[in-house]
Amino acid sequence: MLATLLQALLGGIAAGAVYGLIALGLSLQFGVMKIINFAHGAFLMVAMFISFELCTRAGLHPLAAAPITALALFVAGYAVQRWLIDGIYRKESAREPIGVLIFTTGLWIFMNNGFLLLMGPDNRTVDHAWNNEVVMFGDLIFTYPQLAGFVGAVVVTLALVTFLRTTRLGRSIRATGQDREAASVLGIDSAHVYRISFAIGLGVLGIAGALLLPMYPVNPFVGDIFGLRAFVIVVLGGIGSIAGAFWGGIIVGILESVGSQLMPVTYAEALIFLLFLGVMYFKPSGLLGVENE
Amino acid sequence: MNHTPLFTARRRSLVLALTGVLAGGAALAADPVKVGYLIPLSGSAAASIGQDMSRATHLAVKHINESGGIKSMGGAKIQLLEADTRGDAKVAITEVERLVTREEVPVLLGAFQSAVTAPATAAAEKYRTPWVVDLAAKSDITERGFKYVFRPTQVPASANAESMADFVTYAGKVTGKPAKTVAMVYENTDWGQDMANTLRAKFKAAGIEVVLDEGYPPNSPDLRPLVLKIKGKKPDVVTVTSYAADAIQLHKLLVQMRVNAMAYIGSAAGQIDSKFIPSVGKEATNQVFTTNGWAGYESAITTPFAKRFWDEFKAAHKVEPNELSVSAYGAMWVVKDALERAGKADREAIRDALAKTRIEGTDVNKLLGYDIVIDEKGQNTKKRFVMQQISNGEYRTVWPEHVASKSYKMAWPVVKSD
């Protein structure tokens, strides 16, 4: 039993790190622009399909597909912000950006069904031997994709935190998130910051999609499964907090994995949402969130 | 639009003339026997299945007529009156009324979908017209105490689970390595729980201990914790009741995490999805068991009768017959059998004949893979889902014995991953 629990704990951490990575972009976008991107899950699905095509058509190793997928999603994110969201966002600068919320919801449904038309409803996985290779430490078993997911998530999270803290662009992103008017008074081009933040958010998601693909079959609706989880994690960890998304993901992963060993799997799922409700009630800003004004 | 009636009148006279010619020709032989056939051919997502089944039904009529029609009626030919239900119960009921009152058909066949078949058979019951149900699986259909409804080629979904449990007992007996424990995992839905209820009862009756009985939310982001839980229980057998996305994940994880059970058994859903083997991989799917509603070419196409059906169906439609088309083809032969024994195109006589249906060991049974004995509820309880084992990316039938592949030897227990 002890070995099982240890395996569950470590497996939960590995899965949770990937959940956190998926949630990262969502949190960044909200933190900077105060918009909720409902199409986040759909973009994850697109990332998985891009990665799938890179692996099957171009014969790339699943890991080699990650940076290319990230770049593709970065460009897509920049374009979506520049030509689609920007206009709506500008008109609503004086009030809550409800229009953007509705727009991303529409985009979500459009992308899901567009890919249904394009790719069909089937589940697909990349047939690569690496996907199923395991490493054993005594009784403990891990697959390479599981380890890669964990390491990838940690590295990307650290890199993003460092970027936001130490670079000029990173600091202007944070400044805009904290007070967009003061930031523009100081000469920060907020439109540019928004484009870059949205693009970085999706770029990170691209890496998450590529890391997820060896572990989960892709279909046009796969984003909905992880999208919902990402929202829970973002709120749990604290909206806008990068570290919060990471730790929120880890907590959800552990709860799900260890909880499942101690109670029916369906209850473990409910437990995640119970914690979510508890945090909302006692600390609405999230575990690592900062109280607003 | 004033020319429309003229056109209709002209067409009607043309039809009358043609019918006259045909009737004149057929007058030498016996009058044809009308069979009303209800099937979805348009309108709903079921239309593609309905068309597939309709082709098989037409082929059965052709073969019956070519081989001399209904001999007890002086070689009377079967005349199929096909009606499109559009997947709509209201349309089906209207068509039943038309077929029964205007066309005066003595027997009805159809209508694939449970939601259409259930109310439409109620309408037929009212007119005391016998109905042969093809593939509608809702158990209700033969549980309402109806006198005119018969289901020879389909059994309620619970039979799928029964076959899984029966096979586990059988495999233990023939190999001398019986399973003592089982882990049941199933998606937490109506279907999954239905399956689990039957499995639980059957395993208990067989003296096999259920060490894990776990429903999980379908489309979970991570099924690894569930598989870890299975592994912790060290079960001899793992049953997996899941659709494609979950089945793909679960079977990959069962191998990756070295659960090392004696057998993994699926339930004719995710494991027979066309993407299952390519997604999980030839290696990881190797020796996985799954139920299936029909045994497939190697096991079922063993007679000239079956070969004729397979070849002509494939040649005409460019697809291989599957459980759906085979069942539709078989159902028509059941109607033919009843007509032979009734001896006249009379509703009561056909009803009585259907109620006494006993088709065993014939070419039809060899094609379908099971005998047909109608019980007092109008249900054939003999249909069994077969058990197949995946070997090198192919489904090989291993149970029951009479349809099992001759060239394949079942692996039980399955080879462990190192």
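Here is how names work: the chains are called A, B, and so on, in the same order as the sequence lines, proteins then strands, and each is numbered from 1. Atom set for the values below is all heavy atoms of this structure, side chains included, hydrogens, waters and symmetry mates excluded.
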Under 4.5 Å from any heavy atom of chain A - which part of [X]:
X	value
B:Asp222	both
B:Ile248	side chain
B:Lys282	neither
B:Lys229	both

Side chain [X], main chain [Y], donor-acceptor under 3.5 Å:
X	Y	result
A:Thr143	A:Gln146	yes
A:Thr56	A:Phe52	yes
B:Ser54	B:Gly50	no

Taking the basic N atoms (NZ, or NE/NH1/NH2) and the acidic carboxylate oxygens, is any pair closer than 4.0 Å for [X] and [Y]?
X	Y	answer
B:Glu209	B:Lys180	no
B:Lys202	B:Glu162	no
A:Glu256	B:Arg224	no

Inset, instruction - Please flag which part of A:Phe142 lies under 4.5 Å from any non-hydrogen atom of chain B: side chain, backbone, both or neither. - result: neither
Inset, instruction - Select one option (side chain, backbone, both, neither) describing which atoms of A:Glu133 are under 4.5 Å from chain B's heavy atoms. - result: neither
Inset, instruction - For the residue pair A:Tyr19 and A:Phe226, categorise the inter-ring angle as parallel (less than 30°), tilted (30 to 60°) or perpendicular (more than 60°). - result: tilted
Inset, instruction - Describe, in one word, how the ring planes of A:Phe38 and A:Phe231 are oriented to each other, choosing from parallel (under 30°), tilted (30 to 60°) and perpendicular (over 60°). - result: tilted
Inset, instruction - Pick whichever of B:Ser220, B:Pro221, B:Gly232 has the most heavy-atom pairs under 4.5 Å with chain A. - result: B:Pro221
Legend entry - Option in B:Glu214, B:Met257, B:Glu283 with maximal non-hydrogen atom pairs under 4.5 Å from chain A: B:Glu214
Inset, instruction - Tell me, out of A:Thr4, A:Val134, A:Ile225, who's got the most heavy-atom pairs with chain B below 4.5 Å. - result: A:Ile225
Inset, instruction - In sequence, state the C-alpha distance, the side-chain angles, and the governing distance for B:Thr290 and B:Ile265, and then conclude on side chain to side chain contact (heavy atoms under 4.5 Å, CB included). - result: CA-CA 5 Å; B:Thr290 180; B:Ile265 306 180; over 6 Å; no
Inset, instruction - Can you check whether anything in residues 236-247 of chain B gets within less than 4.5 Å of chain A, heavy-atom wise, and list it by number? - result: B:Ala244, B:Ala245
Inset, instruction - Would you check if B:His251 and B:Tyr264 make a side-chain contact, meaning some heavy-atom pair closer than 4.5 Å? - result: yes
